[in-house]
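Remarks on the structure that follows.
Counting starts at 1 for both ligands and their atoms, in listed order. As the structure is a prediction and not an experimental result, all values here were calculated from the model. In what follows, every heavy atom counts, from backbone to side chain, and hydrogens, waters and symmetry copies are set aside.
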Amino acid sequence: MIKHNTILIIGAKSDIAVAVAHKFASEGYNLQLAARNSSELDAVVSDLKIRYEISVSVCELDILKYETFTDFVDSLDCLPEIALCAVGMLGNQTDDETSLSNSSLVMRTNYEGPSLLLGEIANRFEMRGSGSIIGLSSVAGDRGRASNYIYGSAKSGFTAFLSGLRNRLHKSNVNVLTVLPGFVITKMTSGLQLPKLVTSNTIKISNIVFTKHKNSETVYPFPWRWIMLIIKIIPETIFLKLKL
Ligand SMILES: NC(=O)c1ccc[n+]([C@@H]2O[C@H](COP(=O)([O-])OP(=O)(O)OC[C@H]3O[C@@H](n4cnc5c(N)ncnc54)[C@H](OP(=O)(O)O)[C@@H]3O)[C@@H](O)[C@H]2O)c1
């Protein structure tokens with residue numbers, strides 16, 4: 001009998017996550033989909049099962065409730081080969097600057113929760129001696145900018161966490177992939193004016209994730225590595241005067 005591999009997708013209602021689910025399902029992977037208010041995934045689940053004839057399980061998960069994470073991992077129908085976290089929250093920079101609770105929510109959603117949960121799963125992968133951890137972080141974490149530094153600083157923390165995890169697990173046959181999208185057309189960016197030339201769709205991101213999922217590296221959709229390289233080397237005296 002053919003053994004199908006399994007991918008756990010955390011934050012499975014995200015538009016990028018749904019595209020990743022379709023990509024892996026089309027390649028024969030079984031899916032474990034974790035989300036808050038997970039019954040909202042019913043239509044997506046039926047579609048995936050009908051199209052690809054794979055197994056799909058759904059679990060309830062709130063990324064802010066770290067005290068539930070150990071039980072969450074224990075209750076999975078199997079320890080997956082791959083775990084991807086797509087949870088994220090952009091927030092509203094201007095409003096969040098004057099709200100400690102809003103800022104805290106953005107920081108915990110983008111940094112604390114995803115890091116703690118992927119860290120817990122990584123420990124299980126390390127014990128087993130195999131697995132792939134994938135984090136969807138953001139180019140916003142590469143350098144703090146006035147327009148989105150609350151979200152960006154949380155993504156920066158997540159990127160650093162994944163980098164350290166990758167470094168630690170290098171010898172344990174567990175790979176850690178960090179994906180740093182620039183702009184992607186999803187519900188997170190709806191209402192924003194996105195520059196066409198450097199904006200991706202969810203299919204492009206899901207293809208990158210699939211192609212690179214066994215690698216231990218940081219990937220950017222083209223041309224964001226080069227854009228961020230330039231942004232990172234701008235001297236602070238000039239950067240202070242820019243509106244980015
Ligand atoms: N779109 C972009 O331009 C872009 C760029 C760079 C990086 N990214 C990152 O890519 C990832 C996916 O983004 P996306 O564009 O697909 O966004 P999205 O469609 O808005 O998805 C974000 C998901 O996070 C979930 N979430 C938020 N708080 C949660 C919580 N407390 N517990 C569980 N789930 C929670 C949301 O759940 P609900 O559906 O219940 O609200 C939503 O499904 C995010 O990490 C994002 O930061 C996106």
For [X], the ligand 1 atoms whose distance to one of its heavy atoms is below 4.0 Å:
X      : value
Phe183 : 3 (O)
Thr189 : 1 (N), 2 (C), 3 (O)
Leu64  : 31 (N)
Lys13  : 38 (P), 39 (O), 40 (O), 43 (O)
Met188 : 15 (O), 17 (O), 20 (O), 46 (C), 47 (O), 48 (C)
Leu61  : 32 (N), 33 (C)

May I ask you to check if ligand 1 and [X] share an N or O to N or O distance below 3.5 Å?
X      : value
Thr109 : no
Val87  : yes
Tyr151 : yes

Which of these, [options], has its nearest heavy atom closest to [atom]?
atom                    : options                       : result
atom 10 (O) of ligand 1 : Ile16, Ile63, Asp62           : Ile16
atom 2 (C) of ligand 1  : Val139, Val184, Asn37, Leu194 : Val184
atom 25 (C) of ligand 1 : Ser14, Gly88, Ala34           : Gly88
atom 9 (C) of ligand 1  : Pro114, Ser137, Ala86         : Ser137

**OP:** Report yes if some heavy atom in the side chain of Leu180 is under 4.5 Å from a heavy atom in the side chain of Met228; otherwise report no.
**Re:**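 Sidechains of Met228 and Leu180: no contact.
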**OP:** Could you check if a side-chain atom of Phe239 sits within less than 4.5 angstrom of a side-chain atom of Leu244, using non-hydrogen atoms only?
**Re:** yes
Original post:
Looking at ligand 1, does Lys187 have a heavy atom less than 4.0 Å from it?
Top reply: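 Yes.
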Original post:
If you measure from each heavy atom of Lys155 to ligand 1, is any distance below 4.0 Å?
Top reply: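 Checking ligand 1 against Lys155, which is what was asked, there is a heavy-atom contact under 4.0 Å.
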Original post:
Under 3.5 Å, side chain of Thr98 to main-chain N/O of Asp95, donor-acceptor pair present?
Top reply: yes
**OP:** Taking Arg51 for its side chain and Ala25 for its backbone only, find out whether a donor-acceptor pair lies under 3.5 Å.
**Re:** no
Subject >> For ligand 1, the portion of Thr186 having any non-hydrogen atom under 4.0 Å away >> reply: side chain
Original post:
What part of Leu180 sits under 4.0 Å from ligand 1 if we count only heavy atoms: the side chain, the backbone, both or neither?
Top reply: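 The answer is neither.
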Subject >> Test log, rule salt bridge (charged side-chain N to carboxylate O under 4.0 Å, His left out), inputs Arg124 and Asp74 >> reply: CA-CA 10 Å; Arg124 311 290 178 102; Asp74 286 340; 2.9 Å; yes
**OP:** Start with the C-alpha gap between Lys214 and Glu81, add the side-chain angles, then the distance that decides, and say whether salt bridge (charged side-chain N to carboxylate O under 4.0 Å, His left out) holds.
**Re:** CA-CA 10 Å; Lys214 288 187 179 150; Glu81 281 71 33; over 6 Å; no
**OP:** Would you sort out whether Ile16 and Val209 count as a side-chain contact (heavy atoms from CB on, under 4.5 Å), showing the intermediate values?
**Re:** CA-CA 10 Å; Ile16 295 176; Val209 170; 5.8 Å; no
**OP:** Could you find the nearest protein heavy atom to atom 36 (C) of ligand 1 and give me its residue, atom name and distance?
**Re:**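 Of every protein heavy atom, Arg36 NH2, 4.1 Å lies nearest to atom 36 (C) of ligand 1.
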**OP:** Just need the protein heavy atom nearest to atom 4 (C) of ligand 1, so name the residue and atom and give the distance.
**Re:**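 Its nearest protein heavy-atom neighbour is Gly182 O, 3.9 Å.
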Original post:
Which residue pairs pass the side chain to side chain donor-acceptor pair (under 3.5 Å) test when at least one of the two sits in residues 175-185, sequence neighbours left out?
Top reply: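 Listed once each, the pairs are Ser132-Asn175, Arg166-Thr178.
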Original post:
Roughly how far, to the nearest 0.5 Å, is OG of Ser104 from CD1 of Ile150?
Top reply: 11.0 Å
